[in-house]
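Have a look at the structure below before the remarks.
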Amino acid sequence: QVDLVDSGGGSVQAGGSLRLSCVVSRSIYSSYSMGWFRQTPGKEREGVAAIDSAGRRYYADLVKGRFTISKDAAKNTLYLQMNSLKPEDTAMYYCAADQADNVLMVAGIRPRDFGSWGQGTQVTVSS
């Protein structure tokens with residue numbers, strides 16, 4: 001089990017930017033995949049971006065070219081830089097971690113492959 005604390009959400013206008021952060025309780029560099037997910041009321045949680053232990057990055061089509069996932073092993077922190085935000089990006093965002101390198105490669109960013117979750121941080125984009 002890995003403890004995660006995510007932060008950085010807020011309210012911005014369309015076209016604006018936010019950077020989400022997720023501090024992890026122990027070293028994430030060696031064997032864990034990390035990801036960002038989002039959920040709106042009444043909808044299933046969906047994968048947004050992920051980075052595996054080797055640094056390979058995966059993005060949902062809806063955010064490609066606008067969002068960038070990165071991690072800082074020295075700070076045990078995962079980031080999601082979100083640019084050109086749209087109202088449809090409004091959601092609760094969650095970071096997650098697990099040993100999911102293989103499934104990311106073959107199946108994409110699936111919430112069910114991640115077992116440790118942050119508490120969530122709200123992102124609201126107004127038009």
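Small disclaimer: the values here were computed from a predicted structure and weren't measured.
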- Task: Give a yes or no on whether the backbone of Tyr79 and the side-chain of Trp36 come within a donor-acceptor separation of less than 3.5 Å.
- Result: yes
- salt bridge (charged side-chain N to carboxylate O under 4.0 Å, His left out) against Arg57, all qualifying residues, sequence neighbours excluded: none
- Query: Got Glu88 and Val125 here, is their nearest side-chain heavy-atom distance under 4.5 Å?
  - Reply: no
- Is it true that Leu104 and Phe67 fall in one hydrophobic cluster, defined by side-chain heavy atoms closer than 4.5 Å? no
- Which heavy-atom pair separates Pro87 from Ser126 by the least distance, and what is that distance? CG-C, 4.5 Å
- Evaluate the side-chain proximity of Ile69 to Leu78: yes if any heavy-atom separation is below 4.5 Å, no if none is. yes
- Query: Do the side chains of Val103 and Asp98 get nearer than 4.5 Å, heavy atoms only?
  - Reply: no
- Query: In this structure, are over 12 heavy atoms from other groups packed under 6.0 Å from Asn102 atom CG?
  - Reply: no
- Query: Is Asp61 paired with Lys64 through a side-chain N to carboxylate O contact shorter than 4.0 Å?
  - Reply: yes
- In one Ile/Leu/Val/Met/Phe/Trp/Tyr side-chain cluster, 4.5 Å: Ile109, Met34: no
- Item | Verdict with supporting geometry, Asp89 and Arg66, side chain to side chain contact (heavy atoms under 4.5 Å, CB included) | CA-CA 11 Å; Asp89 294 318; Arg66 300 189 297 123; 2.7 Å; yes
- Task: For the pair Lys71 (side chain) and Asp52 (backbone), establish whether a donor and an acceptor sit closer than 3.5 Å, ignoring hydrogens and angles.
- Result: yes
- At their closest point, which heavy atom of Gln39 faces which heavy atom of Lys43, and how far apart are they? NE2-O, 3.1 Å
- Message: Does either side chain, that of Asp101 or that of Ser33, offer a donor lying less than 3.5 Å from an acceptor on the other one?
- Response: yes
- Kindly work out whether a path of hydrophobic side-chain contacts (I/L/V/M/F/W/Y, heavy atoms less than 4.5 Å apart) joins Trp117 to Met92. yes
- Message: Tell me which one of Tyr93, Tyr94, Phe114 satisfies ring pair (Phe, Tyr, Trp, His ring centres under 6.0 Å) with Phe37.
- Response: Phe114
- Please tell me if the side chains of Val12 and Met82 come closer than 4.5 Å, counting only heavy atoms from C-beta onward. no
- Can you name the nearest heavy-atom pair linking Val63 to Arg38, along with the distance? CG1-NH1, 4.1 Å
- Can you see which heavy atom on Ser17 is nearest to which on Ser84, and at what distance? OG-N, 4.4 Å
- Item | Flag for Thr121-Asp6: side-chain donor and acceptor within less than 3.5 Å | no
- For Ala14 and Ser127 the tightest heavy-atom approach is CB-CA, 4.3 Å
